[in-house]
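Presented below is the structure to which this report refers.
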Amino acid sequence: MSTGKFLFLILLILLSGCGKADPEVDAVARVGEIFLTKQELDDAMPQGLSEEDSLLFRNNYIKMWATKELLLDKARINVEDDGGEIENLVRNYEKELLIDKYKRALLQQELDTLITEEDMDEYYESNKNVYRLNEDLIQLKYIHFSNDLNDKKEVIRLFKSKDEEDLQTLIDRELEFNSFSFNDSIWVSLKDVENRLSFLRDEKKIKKDQFIQKEDSLGVYLLAVRDIRERNNIAPKNYVLPTIRQMILHKRKLELMNEIEKTLMVDAINKKQFEAY
């Protein structure tokens, strides 16, 4: 289809809702016999604009509307719709919009969106070879504090401790630290950690259960590596959980729509609403 015909199609779809000339219409603009009503302008107006911004939006919207109407008028005169091509495209597009809206309504009503831990475990075990890492991941906790901290040795002891009470003591003192992260159960990108803590790039090989202490003019850094997962290994389950949820829902959507379409076809055949010759 030529560019001119495509432009005509788009403009026809966008502007099909605009009203024809009517003396009773409360119009804010007119192009030929087409009016832009105040209601249409109000519906398009964003909420919460200042008086000055509202006036600016109003003027710009009217200009854009008028430009589209003028282009549409010229397109109707100059673009030939040989064989009803544009009409067919518009009709097919309308069908697709209606079908899509109907499908979304069915999915919203019928789709089972409850995903249990068992569902995710089963999906992960069946597909985990698909989830290969394209970067190194790490689980760690760390703190960065000033060299001037009075009880530096005590903070180091608390940080190394496996006792939950000692960890809570550090959490209670978090305002004393320049930065920190105590949740070592989540997987994060090693590259992101290195961008934040550049001295890690000097480490030859970061290992599981490794403790790292670094001091410089900016203070003291303490890191405790819980685990590390290297590139090309299978991704940890909790790292890919959001993707797993999406894939399970997507699979259910496809299965539900296939079942709906099959039921629709069988019902139409049984009622003799559909015959193939």
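Every heavy atom of this structure was used, including side-chain atoms; hydrogens, water molecules and symmetry mates were not.
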Take D121 and K237 through the salt bridge (charged side-chain N to carboxylate O under 4.0 Å, His left out) test and state the conclusion after the steps. CA-CA 8 Å; D121 287 342; K237 188 188 77 172; 2.3 Å; yes
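- Between W65 and A29, the shortest heavy-atom contact is CZ3-CB, 3.8 Å.
- Connection of I34 to L70 is established within a shared hydrophobic cluster, with ILVMFWY side chains joined at heavy-atom distances below 4.5 Å, either directly or through further cluster members.
- For the pair S161 and D166, the tightest heavy-atom approach, listed with the atom from each and the gap, is OG-OD2, 2.6 Å.
- Of the possible donor and acceptor atoms, one in the side chain of D216 sits under 3.5 Å from a partner among the backbone N and O of G219.
- Sparse packing is recorded around CD of E165, with 12 or fewer heavy atoms of other residues, nucleotides or ligands lying under 6.0 Å away.
- Linking ILVMFWY side-chain heavy atoms closer than 4.5 Å, directly or via other members, places Y239 and I186 in two distinct hydrophobic clusters.
- Hydrophobic clustering (ILVMFWY, side-chain heavy atoms < 4.5 Å, transitive): L137 and I228 are in distinct clusters.
- F57 contributes atom CZ, which lies 13.0 Å from atom OG of S50 (distance to the nearest 0.5 angstrom).
- With respect to the salt-bridge test (charged N to carboxylate O, under 4.0 angstrom), the residues E275 and K272 do not qualify.
- Between the CG atom in L264 and the NZ atom in K262 there is a gap of 13.5 Å [rounded to 0.5 Å].
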Is there a salt bridge (charged side-chain N to carboxylate O under 4.0 Å, His left out) between K152 and E215? Walk through the geometry before answering. CA-CA 12 Å; K152 180 168 67 175; E215 298 187 34; 3.5 Å; yes
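- Annotation: the span from E118 atom CD to I115 atom CD1 amounts to 12.5 Å, rounded to 0.5 Å.
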Mind running side chain to side chain contact (heavy atoms under 4.5 Å, CB included) on Y93 and L97 for me, showing each step along the way? CA-CA 6 Å; Y93 183 61; L97 287 176; 3.5 Å; yes
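- At least one side-chain heavy atom of V193 sits less than 4.5 Å from a side-chain heavy atom of V188.
- Here the side chains of R132 and I234 are in contact, with some heavy-atom distance below 4.5 Å.
- V266 and M257 are not part of a single hydrophobic cluster, where members link through side-chain heavy atoms under 4.5 Å apart.
- The two residues A235 and L133 come nearest to each other via the heavy atoms CB-CD2, 3.5 Å.
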D172 vs T169, side-chain hydrogen bond (donor to acceptor under 3.5 Å, both in side chains): CA-CA, chis, key distance, verdict: CA-CA 5 Å; D172 293 340; T169 300; 5.5 Å; no
Test side-chain hydrogen bond (donor to acceptor under 3.5 Å, both in side chains) applied to E96 and N92, step by step: CA-CA 6 Å; E96 292 297 328; N92 288 334; over 6 Å; no
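- Considering CG of N258 and OG1 of T263, their distance stands at 10.5 Å, rounded to 0.5 Å.
- The main-chain N or O of T116 is found under 3.5 Å from a side-chain atom of D119 such that the two form a donor-acceptor pair.
- With sequence neighbours left out, R196 forms a side chain to side chain donor-acceptor pair (under 3.5 Å) with Y142.
- When side chains are defined from C-beta on, L55 does not count as touching E51, because their heavy atoms never get closer than 4.5 Å.
- Between the N78 side chain and the K74 main chain, a donor and an acceptor come within less than 3.5 Å of each other.
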Salt bridge (charged side-chain N to carboxylate O under 4.0 Å, His left out), that's the test. Do D202 and K214 meet it? Break it down for me. CA-CA 11 Å; D202 298 330; K214 173 73 175 179; 5.4 Å; no
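- Judged by distance alone, with hydrogens and angles left aside, the side-chain atoms of E69 form no donor-acceptor pair with the main-chain N or O of A66 at under 3.5 Å.
- Note that the CG atom of D136 and the CG atom of N232 stand 9.0 Å from one another [nearest 0.5 Å].
- Using cut-offs of 30° and 60° on the angle between ring planes, the pair Y123 and Y131 is tilted.
- Side-chain heavy-atom separations under 4.5 angstrom define the hydrophobic clusters, and the remaining members of the one that includes F145 are I143, L149, V155, I156, L158, F159, L167, L170, I171, F177, F180, F182, F211, V220, L222.
- H144 places a side-chain N or O within 3.5 Å of a backbone atom of L218 that can act as its donor or acceptor partner.
- Under a 3.5 Å cut-off, the side chain of D227 and the backbone N or O of Q139 do not form any donor-acceptor pair.
- More than 12 heavy-atom neighbours from other residues, nucleotides or ligands sit within 6.0 angstrom of CE on M45.
- Taking 4.5 Å as the limit, some side-chain heavy atom of M120 sits within range of a side-chain heavy atom of R245.
- Between the side chain of E194 and the backbone N or O of R201 there is no donor-acceptor pair closer than 3.5 Å.
- The backbone N or O of R229 lies less than 3.5 Å from no partner atom in the side chain of N233, so there is not a single donor-acceptor pair.
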Determine, stepwise, if the pair W187 / I138 fulfils side chain to side chain contact (heavy atoms under 4.5 Å, CB included). CA-CA 5 Å; W187 290 94; I138 191 171; 5.5 Å; no
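- Between D184 and K141 there is no salt bridge, since no side-chain nitrogen of the basic residue lies less than 4.0 Å from a carboxylate oxygen of the acidic one.
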Assess whether side chain to side chain contact (heavy atoms under 4.5 Å, CB included) is satisfied between L111 and K253, documenting all intermediate values. CA-CA 7 Å; L111 182 65; K253 287 179 181 179; 3.7 Å; yes
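- Cluster membership for L49 and Y61, using ILVMFWY side-chain heavy atoms within less than 4.5 angstrom, is shared.
- Of all heavy-atom pairs spanning R252 and L114, the tightest one is NH1-O, 2.9 Å.
- Inter-residue side-chain proximity for D151 and R173 is flagged as met; some heavy-atom pair is nearer than 4.5 Å.
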Mind running side chain to side chain contact (heavy atoms under 4.5 Å, CB included) on L197 and L223 for me, showing each step along the way? CA-CA 10 Å; L197 307 172; L223 290 89; 3.7 Å; yes
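- Annotation: F199, atom CZ; neighbour count of heavy atoms from other residues, nucleotides and ligands within 6.0 Å is above 12.
- Listed here is the closest heavy atom pair of L200 and I212: CD2-CD1, 3.8 Å.
- Here K68 does not pair with D73 in a salt bridge; the nearest charged N to carboxylate O distance is not below 4.0 Å.
- In this structure, L71 and T67 have side chains that are in contact, with non-hydrogen atoms separated by less than 4.5 Å.
- For the pair L249 and T113, the tightest heavy-atom approach, listed with the atom from each and the gap, is CD2-CA, 3.9 Å.
- Summarising the local packing, CD of E174 is surrounded by more than 12 heavy atoms from other residues, nucleotides or ligands at distances under 6.0 Å.
- Connectivity analysis of hydrophobic side chains (ILVMFWY, heavy atoms under 4.5 Å, direct or indirect) links F274 to M265, I269.
- Considering only heavy atoms from C-beta on, R91 comes within 4.5 Å of E87 through its side chain.
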Let's go through E261 and K103 carefully: what are the C-alpha distance in whole Å and the side-chain angles of both, what is the deciding distance for salt bridge (charged side-chain N to carboxylate O under 4.0 Å, His left out) to 0.1 Å, and is it a yes or a no? CA-CA 10 Å; E261 289 172 1; K103 283 183 175 181; 3.6 Å; yes
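- No side-chain heavy atom of L98 sits under 4.5 Å from any side-chain heavy atom of Y102.
- Listed for the E259 side chain is no donor-acceptor partner under 3.5 Å among the backbone atoms of L256.
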